[in-house]
Structures are given as C-alpha cells and as structure tokens.
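Down below is the structure, laid out as structure tokens.
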There are 2 protein chains.
Amino acid sequence: MRTSAKRKPRGTTDGGQGKRAGQGADRRAQILVAALDEFSLHGFEATRLDDVAKRAHVAKGTIYLYFKDKESLFQELLRAQIGPVIGMLEAVLAGGTKEKKPVPLRELAHRVADLFVEQVIGTRRKDIVRLILTEGPRFPKLAEFYYREVISRGLSAFRARAKRAVNEGELKSDTLVRFPHLIVAPALVSIIWKSMFDKFEPLDVKALMKAQIDILFDKEERP
Amino acid sequence: MRTSAKRKPRGTTDGGQGKRAGQGADRRAQILVAALDEFSLHGFEATRLDDVAKRAHVAKGTIYLYFKDKESLFQELLRAQIGPVIGMLEAVLAGGTKEKKPVPLRELAHRVADLFVEQVIGTRRKDIVRLILTEGPRFPKLAEFYYREVISRGLSAFRARAKRAVNEGELKSDTLVRFPHLIVAPALVSIIWKSMFDKFEPLDVKALMKAQIDILFDKEERP
DNA sequence: AAATTATGACTGACTAGTCAGTCATAGTCA
DNA sequence: TGACTATGACTGACTAGTCAGTCATAATTT
C-alpha cells in the first residue's frame, strides 16, 4: 500500500546491544520495569511509549507484542506489583485469627506497619501506590478493582479482628471498629510526603506508624 | 491532510505581547471556574483547553488574553483557591496564641478540623487539594511553593503550640510535637476516600476527624 | 475613529498504534 | 557437517489523529 521510500540499512543504534538480547518472558519483564520507571515519573497520560521502549532497549512495536495497548501495560504493571503484597497482608492478618491464643491486635498492627515500611515504602511499590492514588479517579475500573480486592477486604478483615479485641478487652473503645481507616492514615501521609516533601524535610515513616499505633492502643507500652 | 480554501500567509513571528487584563474580571472568573471543572475531572495533562473554553462559553483565544499558558492557568487556579484557606487557618491558629488564657490545643484541633470539613471537604476545594497531591510531583515548583507556604508554616505553627501544650500539661506525650502529621493524616485519607471510594462506602469525615482528635488527646471527653 | 476585547480557523509539534520487512536461530535433509 | 528453509521475535518508518498556542479579523466599547 505504501511505497516505502527508503529502508534504512539496519539502523542499529549500536552500543553493544546489536542482537536479540533476551527471549520471551525476559522482554515482558524488561518492558514492565521500564514502564514502572516512566509511569511513576510522569503519570499515565504524559508517559510516551517511545520512552518506555527506549528505556527497555526495545523497539516500540515490541511493546505491542506483549501488551494490547498503553492502558493494558499500565494495568498489568499495577496488578503485578500489588498482587504479592495482598498475599502477604492476608498472611499477616490470618496469623492473628487461626490460633487459639491469638496474637494481640496491637502486635498485628505493628506487623502490618512493618510490612508496609518494608514492602511498600522501602521499594518501588510506593510509586505504584502513588500511581493508584493519582490515576484512580481517571480509571474507574482500577478504583473499583482496588476497592474490591484490597481496601474492602483489608478493612473488613481488620474490622472483624478489632471487634474481637473490643470484646476481649484489648481495646477500650470501638473507634477502630468504626474507623479502621485510622490505621491506614499515617501510611498514606507517608507515601505522599515521601513523594513531595521528603527532600525538604525527611520523614521517619517507621516512627510515624509506631506513634499512631501506640496512640490508638492507649500507649500501654513501647518496646 | 487538510484541504482548506485559502489561508493567510503565515508570517510575523512577532511575539509582541502587549495585552492588559483590565476590566474583564468576569471572564477571568468564568474561565477559572471552567478550568476547575475540567482539571479536577481529568487532571492537568489530559485537560483540553478547547473544553475549558467551551465550558466557559468563550473562545479558546480568549483564555490567552487572561492567562499566559495552560500551566499559568493551572497554577493561578490552585493559588486562588488555596489562598483564602491559608488565611482562615492562620486566623484559627493565631486565635490560640494571642490570648493570655489560651484556647486549649484540643479545642484548636477541633476548630481546624471543622474548618477542613466546611471549607475543603464541603467545597470544590477538595478537588483542588487532590489536584495538588496528584500533580505535585510533576510540578516541582508547585510542590515547593505548597511546602513553603502551607505545609512548613502550618506544621511549625502547630508544633510550637503543641510544645506549649506539653509544657502546660495538656498533652502527656510529645508525640504531636514530633509528628504533627498525625493531625493531617485523617484529612488526607478523607480526600482520597471521597474521590475514589465514597460511592462504594460513604465516609463520615467529620466523625473520622473527631475520632482521631479524641484519640490523640487521650479521650478525655467527647462533646 | 481608535482602542480594546473576543473569536475560531489554522499551524506545528507531538504520539499511540500499525505493519511490511528483517534476521537470528531452529529444524530438515543429504 | 554444511546448505537450505521455516519461523516468529523484533524493528522503526509511517498513518491518522490530537491539541497547545497563534493571529488575522470581527465585535464592542470608549
């Protein structure tokens, strides 16, 4: 259809990369890593697939061999990163339910906080969470998925556990049953602070999380 | 390709910018309102100035009579909306400092929370805050401005006041001196919740704020 | 009439997505 | 082993479309 005027004689942008670098699954991973970099740097709209390709040392067309379109790439990136953490979170929360002599809720809260500090704040996943906060309202499907899979589950698991803590006397008020959000609040502040203000005034996330938990549990003790 | 009848002969890369915005304060306001709608609906990148113009019942060119470019429009919008609230916030916080018999910090906290609920959550300004959270990392100038003018001031004002509360015995621990962020945390959660999850599960922001304050102040009483 | 304000067609720069063509490697046969 | 063919991963020039910003001209005000 198109009379191709001229074909470049193998215009390899040299640089020691001239040949097929990896195969199959490698490429996918390469592209996902590059996509994480670019998306978390510029957001969904402003990210150019040309740049993702460049960063992955791959031609733009290659991206379309592994992902349907820009949006699919974006969604798969988020899910791939969030999935594992949901698993870990469930493991931690379950840890407090199965046993007869249950782990105190307070201890659970600390474990969740540690998980958050290590697996989210301490990794690129903090950028993923930011991306979800940032782009969520513009991707209703994403917001809904995230609510169903993470928020709703996490909250109700925590709520159930908090109810028990109230009945067993560990908690004096039902505040945490009504507002499990309060456990998450300092985590959100941390993510936003890290991405916007940390260079002006660094924030000790672990200490912040600990402070909130201590307050929520009436400052009984402080290991 | 466009086949057009005839056109002017593309010339004069003049650059003369001799324009004054003297009278049309109406137009400016119209445009700002429309811009708020579009920006908070789609974010900075994805907002089309054509749509802003349409919504403001104005031609696109008119926007450029009142604003230098898209970014200026965006920044002025944010500042115009945030400015007044900073004023109110300072007034509230000052109210606790000038008097001899000072307002208890706890009371101040409640006033700030009310201010937030009424002036931010209850208005379009919640969208503005969201926009700042969303676009902040991509506009370093904005993040810095916001840190200097709002965050840093607010935190240190609150910190000073909290120190006093510790000395005077109102607060038993120095947690709030170290982490004034904890006052802001539920506010952030509220904004994000409202914009993403409120349709799935509405959140009572006022009660959430109150719960956190009660907890921070050792649940002494609950009006 | 002159100055000011408004308009919207137009341009230039930019980009998601496509597809004809390339080539490293695997498989087949003598 | 060497020659020849088949495969499909990979490439990047190209298409079709978008949109910020401009400017000649029109409308309105002074």
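By convention in this document, chain letters (A, B, ...) are assigned in the order of the sequence lines, proteins followed by strands, and residues within each chain are numbered from 1.
- Within the 4.0 angstrom heavy-atom criterion, base atoms lie near Leu65(A).
- Rounded to an integer number of Å, the gap from His42(A) NE2 to dC14(C) P is 15 Å.
- Rounded to an integer number of Å, the gap from CG of Leu73(B) to C1' of dC19(D) is 15 Å.
- Among the nucleotides dT18(C), dA20(D), dT7(C), the one closest to the side chain of Val58(B) is dT7(C).
- The distance from atom CD1 of Ile63(A) to atom C1' of dT18(C) is 14 Å, rounded to the nearest whole Å.
- Using a cut-off of 4.0 Å between Lys/Arg side-chain N and Asp/Glu carboxylate O, Glu76(A) and Arg79(A) are scored as not salt-bridged.
- Separating the NE2 atom of His57(A) from the P atom of dG12(D) is a distance of 13 Å, rounded to the nearest angstrom.
- Mapping Thr62(A) and Thr47(A) onto DNA chain C by nearest heavy atom places Thr47(A) closer to the 5' end of the strand.
- Aromatic ring orientation, Phe44(B) versus Phe39(B): parallel (interplanar angle below 30°, classes split at 30° and 60°).
- Between Arg48(A) and Gly61(A), it is Arg48(A) whose nearest contact on DNA chain C lies nearer the 5' terminus.
- Under the 30°/60° scheme for interplanar angles, the aromatic rings of Phe200(A) and Tyr147(B) are found to lie parallel.
- Proximity of Tyr66(A) to the phosphate of dC10(D): a side-chain N or O atom is located under 4.0 Å from OP1 or OP2.
- One can place CZ of Phe74(B) at 16 Å from C1' of dA20(D), the figure rounded to the nearest angstrom.
- The base of dG17(C) sits with one of its N or O atoms less than 3.5 Å from a complementary donor or acceptor on the side chain of Lys60(A).
- Across the protein-nucleic acid pair, Glu38(B) atom CD and dA20(D) atom P stand 11 Å apart, rounded to whole Å.
- Side chain of Leu49(B), nearest nucleotide from dA6(C), dA20(D), dA16(C): dA20(D).
- When rounded to the nearest whole Å, the span between NZ of Lys54(B) and C1' of dC19(D) equals 12 Å.
- Between the NZ atom of Lys70(B) and the P atom of dA13(C) there is a distance of 18 Å, rounded to whole Å.
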- [ ] Given salt bridge (Lys or Arg N to Asp or Glu O under 4.0 Å), test Lys54(A) with Asp50(A) step by step and report yes or no.
- [x] CA-CA 6 Å; Lys54(A) 202 172 294 171; Asp50(A) 280 304; over 6 Å; no

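- Residue Arg27(A) places at least one side-chain N or O closer than 4.0 Å to OP1 or OP2 of dC10(D).
- Comparing dT7(C), dG21(D), dT11(D) by their nearest atom to the side chain of Ala59(A) picks out dT11(D).
- Within 6.0 Å of NZ in Lys194(A) there are more than 12 heavy atoms belonging to other residues, nucleotides or ligands.
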